[in-house]
Amino acid sequence: MFVDILFWVMAVVAVVMGAAVFVVDSMARATYALALSFVAVGVQVLLLHQDYVGVIVILMMVMEMAVMAVYMVMFMGMNPALMPMSMVHDKRKALAASTALFVTLAAGALLVPWPTRRGTPSADTTRALGEALMSSKMLVMTVVSPVMVATIVAGVVIASKRSRYDRLGDDLRGAPDDPQRGGVGR
Amino acid sequence: MTPDAATSPLTLVPVGWVVLAGAIVLGLAWLAAIVDGVATSRSEASPAGLGRPLREVARLMRQRRRTTVEADTPLWRTGSSGLLVIATLMVIVVPLGSWTVFDPPVGVVWFNAMDVCVWALVWLTGWGPNSAHGLVGGYRFLAQALGYELPLMFALVAPPIAAHSLRVGDVATAQHGLWFVVWMPVAFLVYLIGVLGFSVWGPFSAAVGADVAGGVEAELSGLDRLLFLTGRYALIAAGAAFAVPMFLGGGAGPLLPGWLWVLVKTIVVLTALVLVRRRLPLLRPDLFMEVGWLWLLPAALAQVLIVSVVAAWRG
């Protein structure tokens, strides 16, 4: 009973906070409304006994939104991020598109014939999930992870203004020409 | 969370005991404030000492709240009052001897998720008052957090690998005979650095530095300031308490009962962390970033590698 009530309260919080992202007039509020929405989803996942996934959702989303606050000042030129501003662009089309998508997804969730439970849940759901994801797909996972790391590194390299050649010269032997020295004496 | 308490070595107490956990957090925060107060009084040769925290509490409770123009009050209050809540949520997964209030199978990850919430709260405290000093402090903290968080995460990975479990109670009981601090000293050290980091304490207090007029604390006054300062002490206390089941053998020890050992070890670690403020200089977040990524992270990874090899070899 308590779990049911908590689940529905979290569902309402998740949806209301998700909507609040587009209603509020400050990027900080929008960011943390989204964070709260995700935390509510994380709690729901916890209530579904997926402990690891639930806690990780909370961890990742709070961290992500905190980093979003860094990007907020980093990438926005004259810093409108610090001023009140509208959180929507192209209101009518966006509203129509998002309403249609929400109705489609919600209708799908309500109308799909959910299967009834077969067997009993595993005692350690984290392990069961890990095995289901990993055991037969280990090759995919081992291939995907280096590709993802390479993508991240490549993205940073492309985005960074000064590479090691700018810092150390063409032969990489010069003294570093940094506006500000790093913390380990490089 | 999951009803499989039978697999845990701990006794799960009713949820009402969370009040006691909160009281212990407050007591430890108080103790930390007294230790710092006595140390400050000694260095200033002032007669105030043990009474310092009490006087400060009385002063702040009577202080009128400062208001700023165009403050984002909900976010500001969330930030300043949240630290204490997060510290309590960290402490409830720490077993007190053989009892625990909350024993999720992924307790270590839970602690990690809670310490990440500090990122949001400290930044919000800096953002809320619409003050330049506060905002600078908030961003200083995020820069510092990007430096300490990854090493901290990998330091937290080492004990669960050795214990084959993410459950805090299992990690504590896996250390009978040999505490993890003995053969994972690097992880322990990196963990303590992380605790100082998320507590905005000592070498990691640039976000509340005097050079930015107090940074995220600049506009805090009255009860808000009291909650924020208590929250900082409570975070150091929570970090010290979590070190006990992770690295210091949990309630293991001669003569005294387990719960008392947990408290004794927590207080020792807490005192050391509080006093370190007078021994180490402030680390600038921009410089610490490289230290974190080029020294601490590889050191923590090497520690995890060694622990993994030992754990695999033991089977």
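Side chains included, hydrogens not; waters and symmetry mates left out as well; all remaining heavy atoms used.
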Visitor: Tell me, yes or no, whether the heavy-atom count around Arg167(A) atom CZ, taken from other residues, nucleotides or ligands under 6.0 Å, exceeds 12.
Guide: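 Yes.
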
Visitor: What closest approach, in Å, do Val62(A) and Val116(B) show between heavy atoms, and which atom pair accounts for it?
Guide: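 Smallest interatomic distance, heavy atoms only, reads CG1-O, 3.9 Å.
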
Visitor: Please name the pair of heavy atoms, one in Ala120(B) and one in Ala66(A), separated by the smallest distance, quoted to 0.1 Å.
Guide: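 Heavy atoms of Ala120(B) and Ala66(A) come nearest at N-CB, 4.4 Å.
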
Visitor: Give, as side chain, backbone, both or neither, the part of Glu70(B) having an atom under 4.5 angstrom from any heavy atom of chain A.
Guide: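 For Glu70(B), neither part sits under 4.5 Å from chain A.
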
Visitor: Please classify the contact of Tyr52(A) with chain B as side chain, backbone, both or neither, using a heavy-atom distance under 4.5 Å.
Guide: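 Both backbone and side chain of Tyr52(A) come within 4.5 Å of chain B.
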
Visitor: Report the distance from atom CH2 of Trp127(B) to atom OG1 of Thr31(A), rounding to the nearest 0.5 Å.
Guide: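 Here the interatomic distance stands at 8.5 Å.
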
Visitor: Please determine whether the number of non-hydrogen atoms from other residues, nucleotides or ligands lying under 6.0 Å from atom CG of Asp4(A) exceeds 12.
Guide: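 Check passes, neighbour count above 12.
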
Visitor: Is any side-chain heavy atom of Val109(B) closer than 4.5 Å to a side-chain heavy atom of Asp51(A)?
Guide: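 When only atoms from C-beta onward are counted, Asp51(A) and Val109(B) do not touch, as no gap falls below 4.5 Å.
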
Visitor: Give a yes or no on this: more than 12 heavy atoms of other residues, nucleotides or ligands lie within 6.0 Å of atom CE of Met148(A).
Guide: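 No, not enclosed.
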
Visitor: Would you name the heavy atoms of Ala69(A) and Leu142(B) that are closest together and state the gap between them?
Guide: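 Minimum heavy-atom separation between Ala69(A) and Leu142(B): CB-CD1, 4.2 Å.
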
Visitor: Below 4.5 Å, heavy-atom pairs only: which of Leu166(B), Val291(B), Asp72(B) has the largest tally toward chain A?
Guide: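 Most pairs with chain A among the choices: Asp72(B).
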
Visitor: Between Val70(A), Ile58(A), Ile56(A), which has the largest tally of heavy atom pairs under 4.5 Å with chain B?
Guide: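 Result: the option with the highest number of such pairs is Val70(A).
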
Visitor: Side chain, backbone, both or neither: which part of Leu124(B) has a non-hydrogen atom closer than 4.5 Å to chain A?
Guide: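 Just its side chain gets close to chain A.
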
Visitor: Does atom CZ of Arg173(A) have more than 12 heavy-atom neighbours from other groups under 6.0 Å away?
Guide: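 Not buried by this count: 12 neighbours or fewer within 6.0 Å.
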
Visitor: Check whether Met63(A) gets within reach of chain B through its side chain, its backbone, both or neither, counting any heavy atom under 4.5 Å.
Guide: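 Both the backbone and the side chain of Met63(A) come within 4.5 Å of chain B.
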
